[in-house]
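Heads up: the structure comes next, in structure tokens.
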4 protein chains.
Amino acid sequence: MPRPPGHGPDFEVRRQKIIDTAAELFARQGYAATSVNDLGRAVGLAKGALYYYIGSKENLLIEIQSRVMSPLLSRARQIAALEADPLLRLRLLSESLLTIIFHRLDHIWVYEHDYRSLSGDELATLLGQRSDFEHLITGLLTEAAGQSSLRVPEPRLATLQFLNLHNHTYQWVKPGGRWDPQYLAREYCATLFRGFGGTEADLGEAEERAAAFKRDRPELSLDPEVAWVPAPVAG
Amino acid sequence: MPRPPGHGPDFEVRRQKIIDTAAELFARQGYAATSVNDLGRAVGLAKGALYYYIGSKENLLIEIQSRVMSPLLSRARQIAALEADPLLRLRLLSESLLTIIFHRLDHIWVYEHDYRSLSGDELATLLGQRSDFEHLITGLLTEAAGQSSLRVPEPRLATLQFLNLHNHTYQWVKPGGRWDPQYLAREYCATLFRGFGGTEADLGEAEERAAAFKRDRPELSLDPEVAWVPAPVAG
Amino acid sequence: MPRPPGHGPDFEVRRQKIIDTAAELFARQGYAATSVNDLGRAVGLAKGALYYYIGSKENLLIEIQSRVMSPLLSRARQIAALEADPLLRLRLLSESLLTIIFHRLDHIWVYEHDYRSLSGDELATLLGQRSDFEHLITGLLTEAAGQSSLRVPEPRLATLQFLNLHNHTYQWVKPGGRWDPQYLAREYCATLFRGFGGTEADLGEAEERAAAFKRDRPELSLDPEVAWVPAPVAG
Amino acid sequence: MPRPPGHGPDFEVRRQKIIDTAAELFARQGYAATSVNDLGRAVGLAKGALYYYIGSKENLLIEIQSRVMSPLLSRARQIAALEADPLLRLRLLSESLLTIIFHRLDHIWVYEHDYRSLSGDELATLLGQRSDFEHLITGLLTEAAGQSSLRVPEPRLATLQFLNLHNHTYQWVKPGGRWDPQYLAREYCATLFRGFGGTEADLGEAEERAAAFKRDRPELSLDPEVAWVPAPVAG
DNA sequence: CATGAATGAGCGTTCATTCAT
DNA sequence: CATGAATGAACGCTCATTCAT
């Protein structure tokens with residue numbers, strides 16, 4: 001879906017705002033139940049003008065998915081590649097994941113609910129990226145089993161518990177509510193690390209180092225405003 | 001949508017089979033993306049006849065939600081009311097919940113994905129039932145904090161972790177695969193009980209008692225065949 | 001585009017009438033310039049009901065093409081296979097072709113103008129059939145060059161002249177006007193046979209035999225009412 | 001559709017190039033199936049600028065029709081007015097007509113297929129011009145019947161055969177292929193003249209004189225480059 | 001009970017055209 | 001001169017629902 005070659009300076013700004021609104025609507029009503037007319041009404045544009053920006057309805061879905069997956073995966077790879085204690089890296093990953101969930105809750109709803117509405121190719125790409133993300137976690141859990149007190153006899157099952165605990169959060173979380181991503185990350189990791197047999201000492205150490213890390217390497221904490229905007233993938 | 005006053009003895013049987021098929025289709029394609037024609041083709045009935053049984057498309061959604069919520073809630077209430085160790089009851093609840101997820105995976109997909117397509121009243125009813133279910137868990141966790149080694153400083157957050165861990169399972173579970181509900185319940189409860197500070201002793205005891213319970217009181221183990229069918233329709 | 005399995009007795013009748021009307025409209029305004037709404041208005045049916053009968057707009061085009069090609073080709077094969085003088089067979093073919101043009105003028109307009117709107121597969125099929133038809137004529141002309149006074153040094157060019165002369169008739173012919181298919185066939189064949197160097201004797205003989213043939217084997221004269229209706233091809 | 005009163009010297013050049021491109025696209029895809037956007041892309045202009053040159057889409061169609069009809073009719077009048085044997089003039093007309101078909105095949109496709117998309121007034125003008133052209137041929141054929149061996153008992157039918165044979169050529173001709181306009185004109189006229197009862201002598205004479213004519217009065221041979229461009233717009 | 005037929009609203013998308021800049 | 005942006009109508013098509021038979 002190639003867009004016309006020349007566009008005014010406002011084009012991309014406006015386009016991003018339309019995708020924002022689409023994410024809100026899709027999150028609230030579902031992708032299939034939201035019409036392009038609904039979106040037009042919400043952004044104050046006739047349908048014809050909308051298509052000037054969006055290309056197609058499915059394209060919106062692709063962009064939204066990519067706005068989630070793209071920064072998540074790149075940040076996850078950065079963290080996984082750090083030379084640091086695997087528990088620390090899991091803890092950092094937990095907070096990154098929750099940060100994204102908090103700051104783009106509507107995108108996450110769409111990401112979790114409507115990915116099956118993608119067409120074959122796009123779906124395959126997305127599932128591949130999801131699988132990559134999961135394998136990063138599996139790798140860290142396996143590493144942790146070797147270097148700490150954690151017991152991970154079934155890395156796949158441990159990974160799935162990690163993902164269950166984090167990913168389902170979008171269903172009830174209220175940004176600005178009682179808990180923030182940092183707090184939840186600490187709690188979730190505490191549950192999981194203890195739950196997988198980790199000692200209180202290992203747990204405390206990971207938490208301390210995470211605090212230190214965020215102090216010393218702030219660029220590795222996900223700044224969602226920066227992370228989202230360029231969304232360079234797909235389309 | 002009043003159904004005709006008198007119908008033959010097969011009416012209800014046939015109706016239930018249609019809802020079964022609807023659940024399969026909705027799970028696979030989504031509620032909004034499944035047409036009444038699709039359903040008609042799948043059950044081998046023309047649209048006119050179909051409407052005789054189903055009343056409306058939304059009605060199907062209501063019935064499916066109720067088929068999940070109704071046995072789950074009644075079984076949860078039964079279990080919560082038992083005179084027994086709260087950890088044991090949580091363990092039994094875990095297995096019941098996972099059993100439903102395993103045996104009616106298609107219903108769960110619909111339950112998790114398409115409840116927002118319900119109209120206001122029906123949605124309110126459903127959300128109320130979900131809240132009731134959650135409070136049963138909160139109650140058991142609070143009890144457990146008093147009677148065992150568990151520390152539950154924030155019962156709401158503990159409840160949400162319990163729900164996250166269980167409810168997200170539908171996204172990846174494959175019935176007939178590596179794990180069964182009993183195995184997953186043991187693993188999940190082990191993670192949670194340890195994660196909330198429970199001792200290995202408490203944990204082992206709960207597991208033993210659960211085994212004994214299922215031996216002595218088999219009627220309290222969820223038989224999914226029985227559990228579903230009569231599902232008294234809410235609404 | 002499989003139609004639902006069961007249909008009332010009127011379905012096919014109505015369907016054929018709709019295709020008739022579509023052919024009229026397509027002939028008058030062109031396929032691309034005729035909307036499904038136009039057709040609905042013309043047959044007195046809402047768009048939804050129309051689709052119950054037609055499947056798709058392109059399907060109408062396919063059916064119309066097949067209504068022309070199918071009887072034309074089968075009749076042409078019958079005639080070409082006769083054990084008779086090639087000039088006689090060309091003369092019979094000429095009349096068959098003109099009879100179709102006269103009796104389904106609107107179909108011919110669509111056939112000549114809008115075949116390029118067909119999608120790849122259907123277009124390929126049609127072009128193949130057209131090619132088959134042309135080769136029948138080429139064959140007869142070549143035969144005639146051997147057995148009569150005709151000189152056909154370039155069979156392809158002779159074929160194209162035969163086709164030009166006949167096929168372009170749809171542009172100006174008025175059924176019920178001054179000339180009928182028999183008359184035009186005689187005139188066209190006279191022009192072509194003389195034009196290709198045939199003697200008056202050959203020409204007269206072919207005309208006489210054609211008259212005899214139509215008297216003795218009336219079943220080989222194209223009865224357009226019978227020829228059209230079953231239109232068993234494609235869809 | 002008044003064009004702005006003053007434009008630069010390039011205006012007309014550019015305009016003609018745009019019409020060239022439009023003719024290509026309309027011929028390939030059909031007038032109704034070609035969008036103004038397609039045209040804009042093909043000529044490298046945004047829609048706004050395009051409309052500065054074209055006025056409207058229908059205007060393009062009018063111009064293309066006129067580019068065919070206008071030189072054809074003026075050349076035909078020139079030829080018909082010559083003091084020369086009618087068979088010679090028919091022969092010259094044949095070659096002129098075929099030359100136009102060869103050199104502007106795309107225009108001819110549009111001319112033959114999409115004239116029905118013209119609005120009432122334009123269509124009336126065009127049909128009048130077509131009729132004028134036909135009457136020139138009828139006149140020549142009638143003259144020929146008086147001065148040569150041709151028998152033309154029905155001048156209208158003879159005219160239509162002349163037109164059928166020539167006009168349908170656009171459907172299959174490939175410029176640069178086996179035959180050129182001169183060759184086809186000779187063949188077509190041979191078929192027609194013989195077919196209408198002309199002697200080989202008359203036929204040979206006409207062909208000889210045509211060769212002489214083209215040698216002595218080359219300005220009467222259609223130079224397509226000159227013939228097209230200035231095409232005074234009808235409408 | 002069950003069907004085939006019909007409706008009217010809505011779907012995602014494309015169109016010819018306009019116009020401020 | 002030329003652009004990018006906007007419109008509103010129409011496109012082909014699908015939908016949930018109804019109802020005479």
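Naming: A, B, ... by sequence-line order, numbering from 1 per chain. Quick caveat, the model's predicted, so the values are computed rather than measured. These values consider heavy atoms only, across backbone and side chains, with no hydrogens, waters or symmetry-generated copies.
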Worksheet item: Which sits closer to the 5' end of DNA chain E, Val36(A) or Pro9(C), going by the nucleotide each is nearest to?
Response: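 This one resolves to Pro9(C).
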
Worksheet item: Given that Asn37(D) and Gly44(C) both sit by DNA chain E, which one's nearest nucleotide is further toward the 5' end?
Response: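 Looking at DNA chain E, the more 5' nearest nucleotide goes with Gly44(C).
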
I need the [atom1]-[atom2] distance between [X] and [N], as an integer number of Å.
X: Tyr31(C); N: dC11(F); atom1: OH; atom2: P; result: 13 Å
X: Leu45(B); N: dT3(E); atom1: CG; atom2: C1'; result: 10 Å
X: Gln29(B); N: dC15(F); atom1: CD; atom2: C1'; result: 14 Å
X: Asp38(C); N: dG12(F); atom1: CG; atom2: C1'; result: 12 Å

Practice prompt. May I ask you to decide whether Asp20(D) forms a salt bridge with Lys17(D), counting only side-chain N to carboxylate O separations under 4.0 Å?
Written response: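 Between Lys17(D) and Asp20(D) there is no salt bridge, as every charged N stays at least 4.0 Å from the carboxylate O atoms.
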
Fill in: Plane angle bin for Tyr53(C) and Phe11(C) - parallel if under 30°, tilted between 30 and 60°, otherwise perpendicular
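Plane angle under 30°, so parallel.
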
Worksheet item: Within the structure, does a side-chain N or O atom of Tyr53(A) lie under 4.0 Å from either OP1 or OP2 of dA6(F)?
Response: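 Answer is yes, contact under 4.0 Å.
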
Discussion item. Check this one for me: any side-chain N or O of Ser35(A) less than 4.0 Å away from OP1 or OP2 of dC11(E)?
Written reply: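 It does, given that an N or O in the side chain of Ser35(A) lies less than 4.0 Å from OP1 or OP2 of dC11(E).
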
Can you figure out which of [options] approaches the side chain of [X] most closely?
X: Ser56(A); options: dT7(F), dC1(E), dT13(E); value: dT13(E)
X: Tyr51(B); options: dT3(F), dT17(F), dT7(F); value: dT17(F)
X: Lys47(D); options: dA16(E), dT17(F), dG12(F); value: dA16(E)

Discussion item. Under a 3.5 Å distance rule, please check whether Lys57(A) uses its side chain to pair with a backbone N or O of Thr34(A) as donor and acceptor.
Written reply: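 Yes; at least one donor-acceptor contact below 3.5 Å.
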
Discussion item. Between Glu58(C) and Ser119(C) (side chain of the first, backbone of the second, donor and acceptor by atom type, cut-off under 3.5 Å), is there such a pair?
Written reply: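 Looks like yes, one N/O pair under 3.5 Å.
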
Worksheet entry | Along DNA chain F (nearest heavy atom to each residue), the more 5'-positioned of Ala46(A) and Ala49(B) |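 Whichever sits nearer the 5' end wins; that is Ala46(A).
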
Discussion item. Assuming nearest nucleotide by heavy-atom distance, tell me which of Ala33(C) and Gly48(A) is located more 5' along DNA chain F.
Written reply: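 In this pair, the answer is Gly48(A).
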
Fill in: Pair of N/O donor and acceptor under 3.5 Å linking dT17(E) base with Lys57(D) side chain
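Answer is no: no donor-acceptor pair is held.
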
